[in-house]
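Following: one structure in structure tokens, then a few remarks.
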Amino acid sequence: MNEQIITSESFASFEDYYRNGQLSHFVQEHRRGGSFQVAMMLLEQEAGEFVDPPIDEFGITAILSDVCCADLNFGDGWAGKKNYYRGCVGPQPALRDCGFRILDDHKLLAVTVPNQIVTEQLNRSDIRNDPFEPMYGRFAHSTRQLYLMNAIWEAMESGGPANNLLIDGLFAALLGFMLKGDDQRLFARVPDIENRQLAKVIDYIEAH
């Protein structure tokens, strides 16, 4: 029996791969929007070993399951089993085989963009090479990054010109937060608010 060989030429995008490739039997929902060719997938998968082929798209994945034990290989060998929790977010490189050995049934939210689009966005900010390289194969907990991904997902559901503009801005913010980290200083506190009730609301937003 000949084993099917999956190459980057076999599929036009990760959306194409998940819809029509070896993982097509899993529960999944797909959306698109914005001018950056942003695509998103909501995936529900059983435990197992998977390989994403080297497609020319940059991806960001968020864990939606309460806990997910997995071993990852993003080109530098298997890292060893580790527990990941809801809100863990990590980038995935373009044009690289990425392996996943996942011990639990799991739910994921993923966003993918043509690698050229990401490169152009980074170059406009004078960011060269690949600043995400140290992050590949690693997932860090980030409530804000998960919030941005959920906001993109919801904007895609509504559609329309205003939401397309919003999707572009949210995706750029997602890249920025991933590079900067969840630095509290990025959100400036509003000073000297006379309305104490409003001040409490702002304090609650910043805390959560």
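Note: hydrogens, waters and symmetry copies are ignored here, and every other heavy atom, side chains too, is used.
Salt bridge status for R96 with E133: present, with a side-chain N to carboxylate O gap under 4.0 Å.
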- prompt: Are I60 and L174 close enough, and set up right, to give a side chain to side chain contact (heavy atoms under 4.5 Å, CB included), and what steps lead you there?
  reply: CA-CA 9 Å; I60 299 173; L174 179 60; 3.7 Å; yes
message: Does L170 form a side chain to side chain contact (heavy atoms under 4.5 Å, CB included) with I167? I'd like the steps, not just the answer.
response: CA-CA 5 Å; L170 290 169; I167 290 166; 5.6 Å; no
query: Run the side chain to side chain contact (heavy atoms under 4.5 Å, CB included) check on R19 and S24 step by step: do they pass?
result: CA-CA 5 Å; R19 282 184 183 276; S24 61; 5.9 Å; no
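A distance of 7.0 Å separates CZ in F171 from CD1 in I152, rounded to the nearest 0.5 Å. Atom CG in L42 sits 8.0 Å away from atom CZ in R31 (nearest 0.5 Å). For the atom pair N73 CG and R101 CZ, the distance stands at 7.5 Å (nearest 0.5 Å). Put simply, NZ on K81 and OH on Y84 are 12.5 Å apart, with the number rounded to the nearest 0.5 Å.
Closest approach of M135 and P91 over heavy atoms only: CB-CG, 3.6 Å.
Formation of a donor-acceptor pair under 3.5 Å by the D104 side chain with backbone atoms of C69 is found in this model. Side-chain N or O atoms of R144 include none that pairs as donor or acceptor with a backbone N or O of S142 at under 3.5 Å.
The six-membered or imidazole ring of F74 lies near that of F100, with a centre-to-centre distance under 6.0 Å.
Between Y17 and F14, the ring-plane angle classifies as perpendicular under the 30° and 60° cut-offs.
A donor-acceptor contact closer than 3.5 angstrom is absent between the side chains of D105 and Q45.
Within 6.0 Å of atom OH in Y136, more than 12 heavy atoms from other residues, nucleotides or ligands are found, so the atom counts as buried in its surroundings. Applying the 6.0 Å contact sphere to CG of N129 captures no more than 12 heavy atoms from other residues, nucleotides or ligands.
In this structure, R86 has no salt bridge (Lys or Arg N to Asp or Glu O under 4.0 Å) partners at least two apart in sequence or on a different chain. In this view, R128 and D126 satisfy the salt bridge (Lys or Arg N to Asp or Glu O under 4.0 Å) rule, not counting sequence neighbours.
No option in V89, N150, L175 other than V89 meets the side-chain contact (heavy atoms from CB on, under 4.5 Å) test with Q145.
Annotation: ring pair (Phe, Tyr, Trp, His ring centres under 6.0 Å) contacts involving residues 18-41, sequence neighbours excluded, comprise F26-F50.
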